[in-house]
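Letters A, B, ... mirror the listed sequences (proteins, then strands); counts begin at 1. All values derive from a computational prediction rather than experimental measurement.
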Protein chains: 2
Amino acid sequence: MMPRKPEYDRDALIGRARDLFWRHGWAGTSLKDLERELHLKPGSFYAAFGSKDALFALAMERYTQEGVARLTEFADKFGPKAALKAQTTFVIEAPELPSKACMLAKTYAELQAREHVLAQKAAKHMTEMKACFTNLFRRAQEAGEIGQDHDPERLAARYQSDLLGLRLSAERTDVDAGLIAADIAADLDRL
Amino acid sequence: MMPRKPEYDRDALIGRARDLFWRHGWAGTSLKDLERELHLKPGSFYAAFGSKDALFALAMERYTQEGVARLTEFADKFGPKAALKAQTTFVIEAPELPSKACMLAKTYAELQAREHVLAQKAAKHMTEMKACFTNLFRRAQEAGEIGQDHDPERLAARYQSDLLGLRLSAERTDVDAGLIAADIAADLDRL
DNA sequence: TATATATTTGAGTGATCGTTCAAAAATTGG
DNA sequence: CCAATTTTTGAACGATCACTCAAATATATA
């Protein structure tokens, strides 16, 4: 009397979908693309995820949670300030990334003008990341790694802004993103 | 025997199209949107511009040429270094702008993964802007406004990257872009 | 005013969009 | 093997996409 189980690994599919969405964006990723990449026919797709937008939301959540996890891991290993410095080189060098640019920033830029729900969710996740940076700057301050005469929130906003620019620059062929990353890291040492 | 003339002002239409594309992006702007905004029926539209992509290319050219013109104007009025500083506040404060974010960056981010022709054109225009920045940094150096121990091209790449991040940050509601702009300008003074 | 030549109009093209759904296939417990 | 329950399958839906084109309309010269 018990039914069969699905053949796919839902978690793995979310990861693959995230990569597709990350690379090609929301409008740039069609259901045909997803069906091909996830090996799912329409019926299975909608049974598993409900809609393209619902899957996109899951993909962004996965993206953010992994980003926070990596940053936390860096901080545990190297300390708060070194983690922030390591992040600058990681985001432009990690070869497994589907795109150098930030998925949240791409989504926000693409959908914000239409006030799409996914743009709001992207914004929420970016706020989440910013809080993560703020926390690291505060810890760096407490550890004496950077001066006391700075507002951690302001530092975080600037740092996040720099990262967005850096990661977009890293997509270009006429820019040496390594130099920019080095300059951003050097700025952290001057705080 | 001479025919009638078109009712529209082609140059003005390109400007309005640029604003639409700038705000909503390439995929986010449909021909219906353009017809509504430009008051053109399909036939007139294709007679005037050939295709959506052709008009988008014209819009990017207009965008870039006006950007270069404004920067040149700033430099003539205030000098090279002050022009670079003025640009940081202008891009986030000018109320007439359809979007704070850079149209070229948005286009590149949206279409690069599919290797769309318009992404290549956006990249070309960004290179053009970068050269403009390089030129200003070089002039600032010659004027003694910044130290000699810097590579103008490297400074330009970093500056452009910072601007991209700043302008994307300016689209967010949870970030005070003015503070970031001030920090970027302050960095220029430390060179 | 008649004619030549252009623009304007809008219905219509095939393709693709995200999505639905009923039938077919598969798996597990009885 | 049968029955219950689920997943898988793929044809098809209406909407929208960028775009075409022939007919209607307007203008400027002769």
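At whole-Å resolution of the value, CG in A/Leu40 and C1' in D/dT9 are 12 Å apart. In this structure, CZ of B/Phe49 is placed 16 Å from C1' of D/dC19, rounded to the nearest angstrom. Whole-Å rounding puts the B/Lys41 NZ to C/dG10 P distance at 5 Å. If you measure from atom NE2 of B/His39 to atom P of C/dT7, you get 20 Å, rounded to the nearest angstrom. Straight-line distance from the CG atom of B/Leu31 to the P atom of C/dA11: 16 Å, rounded to whole Å. What separates OH of B/Tyr46 from P of C/dG10 is a distance of 17 Å, to the nearest Å. Following rounding to the nearest Å, A/Glu35 (CD) and D/dA12 (P) show an atom-to-atom distance of 16 Å. Taking atom NZ of residue A/Lys32 and atom C1' of nucleotide D/dT9, one finds them 15 Å apart after rounding to whole Å.
A/Phe21 and A/Phe56 have tilted rings, their planes meeting at an angle from 30° to 60° on a 0 to 90° scale.
Closest contact between the side chain of B/Pro42 and the listed nucleotides C/dC17, D/dA18, D/dT20 involves D/dT20. Taking the side chain of B/Ser30 as heavy atoms from C-beta on, and the options C/dT20, D/dA18, C/dC17, the nearest nucleotide is D/dA18.
Projected onto DNA chain C by closest heavy-atom contact, B/Phe45 and A/Ser51 fall at different nucleotides, the more 5' of which corresponds to B/Phe45.
Across all strands shown, B/Ser44 has heavy atoms under 4.0 Å from base atoms, whether or not it also approaches the sugar-phosphate.
One distance of note links CG of B/Leu179 with CZ of A/Arg154; it measures 4.5 Å at 0.5 Å rounding.
Taking the side chain as every heavy atom from C-beta outward, A/Leu163 and A/Gln87 approach each other to under 4.5 Å.
Screening B/Leu84, B/Thr89, B/Thr88 for a side chain to side chain contact (heavy atoms under 4.5 Å, CB included) involving B/Ile184 leaves a single residue, B/Thr88.
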